[in-house]
Amino acid sequence: MCQHEPPCPAAVASDREAARTVARDDVLGWCVNCTFLRSLGTAMSNCPGSSV
């Protein structure tokens with residue numbers, strides 16, 4: 001469950017990519033957002049900014 005305020009969109013929502021990033025590795029090119037969706041690849045533009 002998302003603890004952010006306001007809450008992140010659900011994984012099935014059309015705006016699901018707006019969920020906050022909770023873990024990332026720029027070297028390996030992956031991130032996991034609050035809804036546990038993963039983005040892989042060298043284009044980290046799929047990963048929203050994060051304070052992690």
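Note that these values count all heavy atoms, side chains included, but never hydrogens, waters or copies made by symmetry.
Cys8 approaches Cys34 most closely through the heavy-atom pair SG-CB, 3.7 Å. The minimum heavy-atom distance linking Cys31 with Thr21 is given by the pair CB-CG2, 4.0 Å. Across all their heavy atoms, Thr35 and Pro9 have their closest contact at CG2-O, 3.0 Å.
Between Val22 and His4, some side-chain heavy-atom pair lies under the 4.5 Å cut-off.
Side-chain atoms of Asp15 do not come within 3.5 Å of backbone N or O of Ala18 as any donor-acceptor pair.
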